[in-house]
Amino acid sequence: MPDLLNEHACFGGVQRFHSFDSQAIGLPMRYSVYLPPGAGDKPLPVLFYLAGLTCTEETFMIKAGAQRVAAEEGIILVAPDTSPRGAGVPGETDNWDFGVGAGFYVDAVQEPWSRHYRMYSHILELRQLVLDTLPADPARVGIFGHSMGGLGALMLALRNPDLFRSVSAFAPIAAPMRCPWGRKAFGGYLGPDEALWRQYDATELMAGMQGAPFPGGILIDQGLADKFLAEQLYPEAFEAACLGVGQPLTLRRHAGYDHGYYFISTFVEDHLRFHRRVLG
Ligand SMILES: N[C@@H](CCC(=O)N[C@@H](CS)C(=O)NCC(=O)O)C(=O)O
């Protein structure tokens, strides 16, 4: 069972921070939960948010301003951490885009990362923990995320469309095999086998689909003043893959917006309402 670290009343509901002994990671892991008012009366939809490089389970809850709309729509929000903490891998804090804060939502197979850096399994484990411990409806679980977490959300949803029934992203690393962040992370965690890399690449996964896995559509927001857009993100590659398999995609390009949480907080309401509409 998870430990409760602290809780705060918020928009008539409650914001909580938890820790639990993660079997997937082999270490304690933190996560945050927002429970809207009235939780417990009936099963509610749940929305997982995967954060980007350098973030923690706290970033989204303090910076995105999503709780007001979650309270209104009756959505439970859950935010995991972005990597193991305290794994003790030599050099794990040397880079901000690899190691601590940069788990990339993959299960590492390369030593010395493979023992604890298993964030793919961790997200699935956390999904189950949430369903076991909160008044959550297992048929109405969605996922979204930002940058590295936008990749994580698209990838996890495409690999598990029965577990995550709606998906959206902010400025996702949409084609990680084509960009420096993705190639560094996949090389380090997964080794040289690019067939394995493809299982974690949202564009490759979408291109390999038979038909549209999300007939209710996918929503992506991208700022055009995002300094990472040209080199790291490749939303146009994901867009082309969606077109190729008939997957409905709304890719909104916003002039003037950058990569940060001022951008996310501007459009987060649209994402919550989108998920609520798809999940019912
Ligand atoms: N440290 C990097 C930036 C890392 C970054 O932008 N992280 C994004 C996710 S990819 C983020 O959400 N950072 C936390 C924040 O903005 O609060 C830099 O110096 O350029």
Side-chain angles (χ1 to χ4, degrees), residues 15 17 29-32 34 47-67 77-85 91-106 117 119-120 122-123 143-156 167-189 200-203 219-238 251-254 256-272:
Q15 177 68 53
F17 293 88
M29 288 294 286
R30 292 184 180 214
Y31 64 100
S32 59
Y34 176 69
L47 192 47
F48 283 79
Y49 177 88
L50 308 188
L53 294 165
T54 73
C55 295
T56 72
E57 76 288 349
E58 192 182 26
T59 314
F60 174 75
M61 296 302 183
I62 57 178
K63 287 191 158 182
Q67 290 92 341
L77 298 172
V78 181
D81 204 345
T82 55
S83 76
R85 306 275 161 181
E92 67 179 345
T93 58
D94 291 355
N95 296 278
W96 61 269
D97 57 1
F98 185 73
V100 168
F104 267 86
Y105 307 101
V106 305
Y117 280 71
M119 290 298 290
Y120 179 83
H122 173 59
I123 303 304
I143 190 164
F144 68 150
H146 169 228
S147 195
M148 172 182 76
L151 164 62
L154 294 169
M155 176 274 289
L156 273 141
V167 59
S168 72
F170 300 96
I173 303 172
M177 292 175 69
R178 302 184 196 193
C179 79
W181 279 342
R183 298 196 68 82
K184 178 176 178 178
F186 286 6
Y189 295 133
Y200 294 104
D201 183 305
T203 295
L219 173 62
I220 294 181
D221 279 314
Q222 175 63 58
L224 293 179
D226 182 331
K227 70 176 175 182
F228 299 117
L229 176 54
E231 195 187 3
Q232 303 283 10
L233 303 180
Y234 292 95
E236 65 281 2
F238 187 74
L251 170 55
R252 305 191 303 185
R253 294 169 165 94
H254 303 283
Y257 287 89
D258 67 19
H259 196 65
Y261 273 81
Y262 297 109
F263 157 64
I264 294 170
S265 61
T266 303
F267 299 107
V268 76
E269 173 168 356
D270 295 352
H271 284 246
L272 266 61

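Numbering of ligands and ligand atoms starts at 1, following listing order.
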Subject >> Considering all heavy atoms, the nearest P80-I123 contact >> reply: CG-CD1, 3.6 Å
Original post:
Does the N or O separation between L53 and ligand 1 drop below 3.5 Å for any pair?
Top reply: yes
Original post:
So is M148 close enough to ligand 1, meaning a heavy atom under 4.0 angstrom away?
Top reply: no
Original post:
Tell me: protein heavy atom nearest atom 15 (C) of ligand 1, and distance?
Top reply: K63 NZ, 3.5 Å
Original post:
How far is atom 14 (C) of ligand 1 from its nearest protein heavy atom, and which residue and atom name does that atom have?
Top reply: C55 SG, 3.4 Å
Original post:
Where do R85 and G101 come nearest, in terms of heavy atoms and distance?
Top reply: NH2-CA, 4.0 Å
Subject >> Nearest-neighbour protein heavy atom for atom 10 (S) of ligand 1, which is reported as residue plus atom name and distance >> reply: S147 OG, 3.1 Å
Original post:
Backbone or side chain, does any N or O of W181 fall under 3.5 Å from an N or O of ligand 1?
Top reply: no
Original post:
Relative to ligand 1, is Q232 under 4.0 angstrom through side chain, backbone, both or neither, heavy atoms considered?
Top reply: neither
Subject >> Test log, rule side-chain hydrogen bond (donor to acceptor under 3.5 Å, both in side chains), inputs D221 and H271 >> reply: CA-CA 9 Å; D221 279 314; H271 284 246; 2.7 Å; yes
Subject >> Main-chain N/O of A174 paired with T203 side-chain donor or acceptor, under 3.5 Å >> reply: yes
Subject >> From L224 atom CG to H254 atom NE2, the distance as rounded to the nearest 0.5 Å >> reply: 8.5 Å
Original post:
Would F104 and F98 count as a close aromatic pair, with their ring centres under 6.0 Å?
Top reply: no
Subject >> Closest protein heavy atom (residue, atom, distance) for atom 13 (N) of ligand 1 >> reply: T54 OG1, 3.6 Å
Original post:
Donor-acceptor pair, S265 side chain versus G65 backbone, under 3.5 Å?
Top reply: no
Original post:
Can a non-hydrogen atom of G260 be found less than 4.0 Å from any atom of ligand 1?
Top reply: no
**OP:** Give every residue pair that meets the side-chain hydrogen bond (donor to acceptor under 3.5 Å, both in side chains) criterion with at least one member in residues 171-187, sequence neighbours excluded.
**Re:** N95-K184, D97-K184, R183-E194
Subject >> Under-4.0 Å protein heavy-atom contact, atom 19 (O) of ligand 1 >> reply: no
**OP:** Under 4.0 Å from a heavy atom of G52: give me the atoms of ligand 1 that qualify, with their elements.
**Re:** 9 (C)
Original post:
Nearest protein heavy-atom contact for atom 3 (C) of ligand 1: which residue, which atom, what distance?
Top reply: W96 CZ3, 4.0 Å
